[in-house]
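Structure first, commentary second.
One-based numbering, in listed order, for ligands and for the atoms of each.
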Amino acid sequence: MIPGIEDQTLTTPRITILATGGTIAGSAGSALGRGYRAGQIGIDEMVAAAGELGLVAALSGEEIAAVGSQDIGWREWQALYHAIERAFADPAVDGVIVTHGTDTAEETAWLLDLTLPAGKPVVLVGAMRPADAVGSDGMRNFANAVRVAGDPAAHGRGVLVVMGDAVFAASDVRKAATSNIDAFKGFPRGPLALVSPASLDWFAPAAKVGQGARFAWPGVLPRVEIVYAHADMDAAPVESALAMGARGVVLAGLGQGNASAPVLDALEGAVTKGVPVVRASRVDEGYVDRNVEVDDDARGFVAARSFNPQKARVLLQLLIASGVSDPAAMQAAFDRR
Ligand code: ASP
């Protein structure tokens, strides 16, 4: 090699793109972006468009699904998980990008984070505006995701979500706005890094280097229902969740995970029947701690701590699937980040 000239094969990250659909692959058919359809742009088209940006990365694509993320579920999650497993085992892959709708990105990211070892970078990316809408954010976000997935310093951080110019941990991230471009927030931490196609600034070293998966990939995900609390509420929603065969219940509670007396009593009744109950909050941000206003010790509940109801649901599903039933062991899982 000529001194001073870098060998591109040594420096160009090789990134596998796993496409699932969403607005990042969405087409509006008009610049106004009304009535658009998610998941219209194929992965080959997206990789070709990204190629024209001059990104320093070798991209290859695989289509897992072409759906809005409101339709993501067990089938797509299994396909994604196994595709990422293959990418982890392939020495010719340096990082993985999952293109995904934004509506349930936090659930997919968290499920993968809990079930994959913290190895090569895995980056979920989406967009708030379809490719042909005014001010589309898809290619910008995608270029940012390539920058993150290709960075050796992204190793050992668990699953990441890139939206706008921010990089979030799967455990922290949530969608917090319906249509703003700046729709994602982190709690309790904000972004782990800020990114642009030209720069990437991590605020702390990778914390999970060498960590294995917290949970084995489940054979099946048990039914866990979220019961949304409101004023003037009786026990019927809890009873119908149990009648539907829920193996666990997450309360999207008032304030610090609270609910009316009949609801709390019905939830306590669920616990006595062996159905675990996790108290989360319908409030956008904040901790739900044990025994603050609700007596978790007496009622046998688990407090969701920093996790919102949809993330608490995923964690509770994995706990049940792996045979954990002791409330103290469940609480320890919710205390850990
Ligand atoms: N409904 C779309 C989805 O989640 C919205 C988006 O991608 O922003 O797939």
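Look at Arg174 and Glu285 and you find a salt bridge, because one of the NZ, NE, NH1 or NH2 atoms lies within 4.0 Å of a carboxylate O, short of that distance. The pair Arg129-Asp137 fails the salt-bridge criterion, with no side-chain N (NZ, NE, NH1 or NH2) lying under 4.0 Å from an Asp/Glu carboxylate O.
Protein heavy atom closest to atom 9 (O) of ligand 1, with residue, atom name and distance, is Ser69 N, 2.6 Å. Nearest protein heavy-atom contact of atom 5 (C) of ligand 1 is Thr23 OG1, 3.3 Å. Residue, atom and distance of the protein heavy atom nearest to atom 1 (N) of ligand 1 are Asp103 OD2, 2.7 Å. Atom 8 (O) of ligand 1 has Thr102 OG1, 2.5 Å as its closest protein atom, hydrogens excluded (heavy atom only).
Contacts of Phe307 classified as ring-ring contact (aromatic ring centres under 6.0 Å, His included), with partners at least two apart in sequence or in another chain: Trp110.
Shown here for Arg337 and Ser171, the closest heavy-atom pair between the two residues is NH2-OG, 3.3 Å.
Applying the 4.0 Å criterion to heavy atoms of Gly22 picks out, from ligand 1, the atoms 7 (O), 9 (O). Near Gly68, with a cut-off below 4.0 Å to any heavy atom, the atoms of ligand 1 are 9 (O).
At least one donor-acceptor pair closer than 3.5 Å links the side chain of Thr20 to the backbone N or O of Thr99.
Within the structure, ring-ring contact (aromatic ring centres under 6.0 Å, His included) pairs that include any residue of residues 238-295 comprise Phe187-Tyr287 (at least two apart or interchain).
Close N/O approach between Ala127 and ligand 1 is found [any backbone or side-chain N/O within under 3.5 Å].
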